[in-house]
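Small disclaimer: the values here were computed from a predicted structure and weren't measured.
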Amino acid sequence: MLPVRYRVTSRTVETRDSATLRLEPVDRPLAPFRPGQFAMLYAYGVGEVPISISGIGDDGTLVHTVRSVGAVSKALHDARPGSVIGVRGPFGTAWAPEAAAGNDLVVVAGGIGLAPLRPLLLEALAERPAYRKIVLVAGARTPDEFLFRAELDRWAARDDLDVELTVDRPAPGWDGAVGFVTEPMSRLRIDPDRTVAFLCGPEPMMRFGARVLIAGRLPAGRIRVSLERSMKCGVALCGHCQLGPLLICRDGPVVDYATVEPLLAVPQL
């Protein structure tokens with residue numbers, strides 16, 4: 001329940017309101033994180049918020065990509081190298097890409113949703129022979145709002161990874177696709193028995209994206225989504241993150257769509 005001190009060793013500006021922080025332990029490191037899990041990050045004197053990991057270092061370092069949307073996230077977003085923040089975790093369920101070995105992987109990210117999916121992609125690419133085809137579909141409102149743009153360019157240049165980028169609104173110099181992520185998703189050729197999909201982004205995007213995959217005969221149980229709710233404690237005590245019978249900090253954030261589909265269909269649940 002008590003945060004462990006981590007020091008910011010680097011800060012990379014991703015977009016106008018998002019930055020990636022690399023953290024190293026000041027004292028003892030926390031237990032190892034898995035792709036898809038989250039930490040409670042504490043800005044001293046301001047407050048605490050849940051942030052999924054966007055990278056895992058072999059030396060105990062953690063990587064978090066933070067979007068500035070409130071007082072706490074702004075304080076974290078603005079943290080400079082040398083700053084100390086508190087970290088609790090690891091919390092929640094993981095993407096578990098190893099369980100999808102031998103399958104095609106379809107990874108769909110909307111906006112900041114690419115950050116929690118990045119460790120999944122890095123792990124899958126590090127074990128590339130374990131998987132069949134890997135497809136990344138990433139969307140953003142404008143070209144300037146893609147995270148990890150240099151890394152996306154490197155991934156797009158690979159022969160063993162298909163990358164589809166699309167934007168809601170075009171801009172000068174953008175020659176890529178325009179439209180929602182559901183459009184390139186609808187063109188995918190999916191083997192329903194040999195595909196596992198991972199979705200993260202705004203909730204409407206995940207719902208519509210899952211429907212496209214299901215319409216392509218992919219079973220809902222082979223679709224995994226990462227949910228976002230108001231998490232205050234991270235240890236399933238406060239109840240703020242309740243979604244029907246689920247407590248997202250404990251039973252999520254990564255949940256199979258067969259479990260969560262009927263819950264997301266309930267207005268304001």
Taking the side chain as every heavy atom from C-beta outward, state whether [X] and [Y] have any atom pair closer than 4.5 Å.
X: Leu152; Y: Leu136; value: yes
X: Val181; Y: Met205; value: yes
X: Glu127; Y: Glu98; value: no
X: Tyr257; Y: Ile214; value: yes
X: Arg158; Y: Val163; value: no
X: Arg88; Y: Phe91; value: yes
X: Thr9; Y: Thr61; value: no
X: Asn103; Y: Arg222; value: yes

Hydrophobic cluster membership, [X] vs [Y], 4.5 Å side-chain cutoff:
X: Ile248; Y: Phe38; answer: yes
X: Leu125; Y: Leu165; answer: yes
X: Val137; Y: Leu199; answer: yes
X: Leu243; Y: Val255; answer: yes
X: Val135; Y: Leu120; answer: no

Check residues 106-114 and write down every donor-acceptor pair under 3.5 Å in which the side-chain atom is one partner and the other belongs to a residue at least two apart or another chain.
none

Reported [atom1]-to-[atom2] distance for the pair [X] and [Y], which is rounded to 0.5 angstrom:
X: Leu105; Y: Arg194; atom1: CG; atom2: CZ; value: 11.5 Å
X: Thr259; Y: Arg224; atom1: OG1; atom2: CZ; value: 9.0 Å
X: Thr195; Y: Leu218; atom1: OG1; atom2: CG; value: 6.0 Å
X: Ser83; Y: Asp78; atom1: OG; atom2: CG; value: 9.5 Å
X: Thr182; Y: Arg187; atom1: OG1; atom2: CZ; value: 10.0 Å

Heavy atoms only: give me the nearest [X]-[Y] pair and the separation to one decimal.
X: Pro25; Y: Gly60; answer: CD-O, 3.7 Å
X: Arg149; Y: Pro143; answer: NH1-O, 3.7 Å
X: Ala265; Y: Pro267; answer: O-CD, 3.4 Å
X: Gly47; Y: Tyr42; answer: O-CD1, 3.3 Å
X: Pro192; Y: Pro219; answer: O-CD, 3.7 Å
X: Pro32; Y: Pro90; answer: O-CG, 3.6 Å

Handout entry: Qualifying ring-ring contact (aromatic ring centres under 6.0 Å, His included) pairs, either residue in residues 178-203, two or more places apart
Key = Trp95-Phe198

Okay, side chain of [X], backbone of [Y]: is any donor-acceptor separation there less than 3.5 Å?
X: Gln37; Y: Thr93; result: no
X: Arg128; Y: Tyr131; result: yes
X: Arg11; Y: His77; result: yes
X: Arg7; Y: Arg5; result: no

Exercise for the section: Evaluate whether atom CZ of Arg189 has more than 12 neighbouring non-hydrogen atoms of other residues, nucleotides or ligands under 6.0 angstrom away. Expected result: no

Problem - Worked check of side chain to side chain contact (heavy atoms under 4.5 Å, CB included) between Arg217 and Ile190 - result: CA-CA 8 Å; Arg217 298 187 298 115; Ile190 293 175; over 6 Å; no

List the atom pairs, donor and acceptor, that lie under 3.5 Å between side-chain atoms in residues 227-242 and the rest of the protein, sequence neighbours left out.
from: Arg229; atom 1: NH1; to: Glu203; atom 2: OE1; distance (Å): 2.7
from: Arg229; atom 1: NH2; to: Glu203; atom 2: OE1; distance (Å): 3.3
from: Gln242; atom 1: NE2; to: Gly244; atom 2: O; distance (Å): 2.9

Problem - Under 4.5 Å side-chain linkage, directly or through intermediates, the cluster mates of Leu76 - result: Val4, Tyr6, Val8, Leu21, Leu23, Leu30, Phe33, Leu41, Val46, Val49, Ile51, Ile53, Ile56, Leu62, Val66, Val72, Ile85, Val87

Practice task
Report the C-alpha separation of Asp17 and Thr15 in whole Å, then their side-chain angles, then the decisive distance to 0.1 Å, and conclude whether the side chain to side chain donor-acceptor pair (under 3.5 Å) test is met.
Solution key: CA-CA 5 Å; Asp17 60 2; Thr15 70; 3.0 Å; yes

Fill in the blank from the handout: side-chain contact (heavy atoms from CB on, under 4.5 Å) with Trp155: of Ile134, Leu161, Asp160, only one passes, and it is Leu161

Practice task
Please test Glu151 against Arg118 for salt bridge (Lys or Arg N to Asp or Glu O under 4.0 Å), starting from the C-alpha separation and ending with a verdict.
Solution key: CA-CA 10 Å; Glu151 197 162 38; Arg118 180 175 176 265; 2.7 Å; yes

Practice task
Before accepting this row, confirm whether a basic side-chain N of the pair Lys133/Asp162 lies closer than 4.0 Å to the acidic partner's carboxylate O.
Solution key: yes

Fill in the blank from the handout: Those residues at least two apart in sequence (or on a different chain) that pass side chain to side chain contact (heavy atoms under 4.5 Å, CB included) with Ala115 are Ser54, Thr65, Leu147, Phe148

Donor-acceptor pairs under 3.5 angstrom involving side-chain atoms of residues 166-175: please list them, not counting sequence neighbours.
from: Thr166; atom 1: OG1; to: Gly179; atom 2: N; distance (Å): 3.2
from: Thr166; atom 1: OG1; to: Gly179; atom 2: O; distance (Å): 2.7
from: Trp174; atom 1: NE1; to: Gly176; atom 2: O; distance (Å): 3.2
from: Trp174; atom 1: NE1; to: Ala177; atom 2: O; distance (Å): 3.0

Handout entry: salt bridge (Lys or Arg N to Asp or Glu O under 4.0 Å) between Asp104 and Arg132, worked out
Key = CA-CA 5 Å; Asp104 294 334; Arg132 303 200 315 168; 3.2 Å; yes

